[in-house]
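Everything quoted here is computed from the prediction, not taken from an experiment. Chain A is the first sequence line, chain B the second, and so forth, proteins listed ahead of strands; every chain is numbered from 1.
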Protein chains: 2
Amino acid sequence: MSEKPTTIKEIAQLLNISVSTVSRALHNHPSIGSGTISKVQKLASELKYEPNQTAIFFQKGKTYTIGVILPELSEAFFSSAISAIEDTAYKKNYTVLLAQSHDSEQKEKQLVEKMKNHRVDGLLVSIAKSTSSFEHFEMLKRLNIPVVFFDRIPPIPNIHYVACNMETGTIEAVTYLLKKGHRVIGLINGPKTLFASGERQEGYIKALVKNRLKYDPSLIANCDLTEEGTVAAVNKLLSNKRKPTAIVSFNDYVSLFAIRHCMRNHPDKIDFVSYANLPLINYMDNIPLASVEQFPALQAQKATDILLDLLNSPKSSPQEVQAYYKIIIESQLVENTH
Amino acid sequence: MSEKPTTIKEIAQLLNISVSTVSRALHNHPSIGSGTISKVQKLASELKYEPNQTAIFFQKGKTYTIGVILPELSEAFFSSAISAIEDTAYKKNYTVLLAQSHDSEQKEKQLVEKMKNHRVDGLLVSIAKSTSSFEHFEMLKRLNIPVVFFDRIPPIPNIHYVACNMETGTIEAVTYLLKKGHRVIGLINGPKTLFASGERQEGYIKALVKNRLKYDPSLIANCDLTEEGTVAAVNKLLSNKRKPTAIVSFNDYVSLFAIRHCMRNHPDKIDFVSYANLPLINYMDNIPLASVEQFPALQAQKATDILLDLLNSPKSSPQEVQAYYKIIIESQLVENTH
DNA sequence: TTACACTGAACAAACGTTTGCGCTGATGCC
DNA sequence: GGCATCAGCGCAAACGTTTGTTCAGTGTAA
């Protein structure tokens, strides 16, 4: 009862012509007579012929599929990214093979392997927090499978990436607090190993320098982004000899943790500025005054564009790709309205 | 320079044996001598042989890939669903092909077609709001491609699905408000075409009847789930002769819209109870007292389990599947803490 | 008439893997 | 010594499609 899909071969038999003729006819090949073409196409649509993609993939060595490896699909930042990726890929007739690393380096490596074996045409990756070796990506390069990184970029040369420059946003953030009259501003940063932490620190320092203020290293506290880590960082900052009256914190989660902790344990009002990853922040209680927007959907879309471009560019000679896409999107401070 | 992946054929040539022997050796086939097996496996790992999955897919007519079609990836409900799906599939060595319908029936149909051509082994679907014909799913059944629906289920017979029973949660919700002393309780429901709306209404009525209260149809307002629609529904309810002092609303978004509107335009305090789709609700302002939890991750995980089960069950005779999985998860009221 | 060009179609190889079957040589048994 | 058994391996087909090459037939010009 279950219908088996029609094949080109069956069409050929029914019309008493060869499979190659059928194949060409379906593609409107010039060397096929128009009579034959219309006969074939008519029968094909009657039989609801659909090409077997797996056969085509196999034959062409291409799958029209891009692999996407993200740290955590349920996070707002990445879910709006994947949404943009899927939309962009869909428009160009590509399909998305999805996986999440849960921020584990080991799993990320396994996923890269799996994607490779699935013969994805290219890969879009935002790397796991814990990833410290990058051999799995070097291997892809050797296999000529293009990879475009976005948002979380590995510190290695010769890669394509789209990232958001946190420095400008950070400068805006600090400047914003200075304009509000604050003179002692703390920074709750992420792990030192993260590139994003470095950028924030740079921006923080530059903003102070630009405003002729002294940079005090004890006003920076690194944390592991958990609630406990955040609390420890807040306590460290607030017990400093020069106590900050405002704090820039690594992201919205950290901000929310920090604000909650401050409200419960510290009498003085402290102003917060953060980095956006929660679209619903405007519905919330006790939120940072402003957040640096990182445009996840835009980053993801650009990264996908680049990847598709790479895939369809005129057969770039294997190892000699000279040009690497390095797209920087400027972050931007937005005030949170209530 | 770019390494071409090793094939079974190359291994065979290097060892002067046949490809079939190599293939069997790699699978530890009993009819291959242990000496040969170890020789082959040794060389294979030296050459970093990895089977070409597209060839295997093609050959086996299976792809070990499940297609997932969701309405909107960036929504919290579905992003936690996709996260669970990916995890569950990964454990069983399946891969996820992802697409979003953006709640468009037409796009949903195109995606089904695309997934079919990609030869996904099975499909996981939460249908678009606008979908009203279901031929595209019937076709999959004819092609013997199993489909498991979850959360948003089409109203057709003989399908596998996992859904959350909103009735029990709704009864809990209404009862909860009654216990709080409310006697006139409104319901802002979704579009009448939605199955989920029906369930909510059923639960609402049952709870009233069970508590020996009269059911007043004018206390129910349907809306299209947009902010404007919600505002209209609220206004309708609050201009009723018997003005409700509490409202059960279709979901968290509707609740937030409604609460905001009430606070601005209506003096009397109104208690809200809602249906959960926002994990961050506890960070927010002016939220419903409680929400009916629908367990997106659990639903998604169960649906994936069922699909994988279907795929690996001993060749269920095509059209004669007698048993359809119909898993109902009971919704549950949870109070929102601040 | 021959030579030649062109049209329209068939042939066949190739992609990498799995798998049913057949073959060979060795061993065991009576 | 004859025969069955069996381990160990090779052969070849099959999956569906694309595509380079060949081939037959027709038309045309010299």
Point to revise | Atom-to-atom span, CD of A:Glu10 to C1' of D:dG16 - whole angstrom | key: 11 Å
Revision key, fill the gap. Of the candidates D:dG16, C:dG8, C:dT18, the side chain of B:Ile8 sits closest to C:dT18
Check your understanding: Within the pair A:Thr21 and C:dA10, is there a side-chain N or O less than 4.0 Å away from OP1 or OP2?
Key -> yes
Check your understanding: Among C:dT18, D:dG16, D:dT18, which nucleotide sits nearest the side chain of A:Val19?
Key -> D:dT18
**Study point:** Check: B:Arg24 side chain, D:dG10 base, donor-acceptor under 3.5 Å
**Key:** yes
Check your understanding: Has B:Phe58 got its ring stacked on the base of D:dC15, with centres under 5.5 Å and planes less than 30° apart?
Key -> yes
Check your understanding: Closer than 4.0 Å, any side-chain N/O of A:Thr36 to the OP1 or OP2 of C:dA9?
Key -> yes
Review point. Is the ring centre of A:Phe137 less than 6.0 Å from the ring centre of A:Phe149?
Key: yes
Review point. Just by distance, do the side chain of B:Thr88 and the backbone of B:Ala84 share a donor-acceptor pair under 3.5 Å?
Key: yes
Review point. Nearest-Å distance, CD1 (A:Ile11) to C1' (D:dT18)?
Key: 15 Å
Check your understanding: Counting distance only, does the side-chain N/O of A:Arg152 pair as donor-acceptor with the main-chain N or O of A:Ile127 below 3.5 Å?
Key -> yes
Check your understanding: Cation over ring, B:Lys60 on B:Phe57, under 6.0 Å and within 45°?
Key -> no
Point to revise | N or O in side chain of B:Lys9 less than 4.0 angstrom from C:dC15 OP1/OP2 | key: yes
Check your understanding: B:Phe58 vs A:Phe58 aromatic rings, parallel, tilted or perpendicular, using cut-offs 30° and 60°?
Key -> parallel
Check your understanding: Any idea which of D:dC9, D:dT19, C:dT18 is nearest the B:Ser31 side chain?
Key -> D:dC9
Review point. For A:Asn28 and C:dG8, what is the distance between atoms CG and C1' respectively, to the nearest whole Å?
Key: 15 Å
**Study point:** Interatomic distance where CD1 belongs to A:Ile56 and C1' belongs to C:dG16 [whole Å]
**Key:** 17 Å
Practice item. Provide, to the nearest angstrom, the distance between the CD1 atom belonging to B:Ile17 and the P atom belonging to D:dC11. Key: 12 Å
Exercise for review: Examine the base of D:dC11 for any acceptor or donor lying under 3.5 Å from a partner atom in the side chain of B:Ser18, and report the outcome as yes or no.
Suggested key: no
Practice item. Would you indicate what A:Tyr49 reaches in the nucleic acid, counting non-hydrogen atoms under 4.0 angstrom: base, sugar-phosphate, or nothing? Key: sugar-phosphate
**Study point:** Shortest side-chain distance from B:Gln59, nucleotide among C:dT17, D:dC9, D:dT18
**Key:** C:dT17
Revision key, fill the gap. When rounded to whole Å, the OH to C1' distance for the pair B:Tyr64 and C:dT18 reads 12 Å
Practice item. Quick one: label A:Thr7 by what it contacts on the DNA or RNA (base, sugar-phosphate, nothing), any heavy atom closer than 4.0 Å. Key: sugar-phosphate
Check your understanding: Within 45° of the ring axis of A:Tyr64 and under 6.0 Å from its six-membered ring centre, is that where the NZ or CZ of A:Lys92 lies?
Key -> no
Review point. For the pair made of CD in A:Gln53 and P in D:dC15, what is the distance, rounded to whole Å?
Key: 19 Å
**Study point:** Rounded distance in Å - CG (B:Leu47) to P (C:dG16)
**Key:** 15 Å
Point to revise | Closest to side chain of A:Asn52, choosing from C:dT17, D:dG10, D:dT17 | key: D:dT17
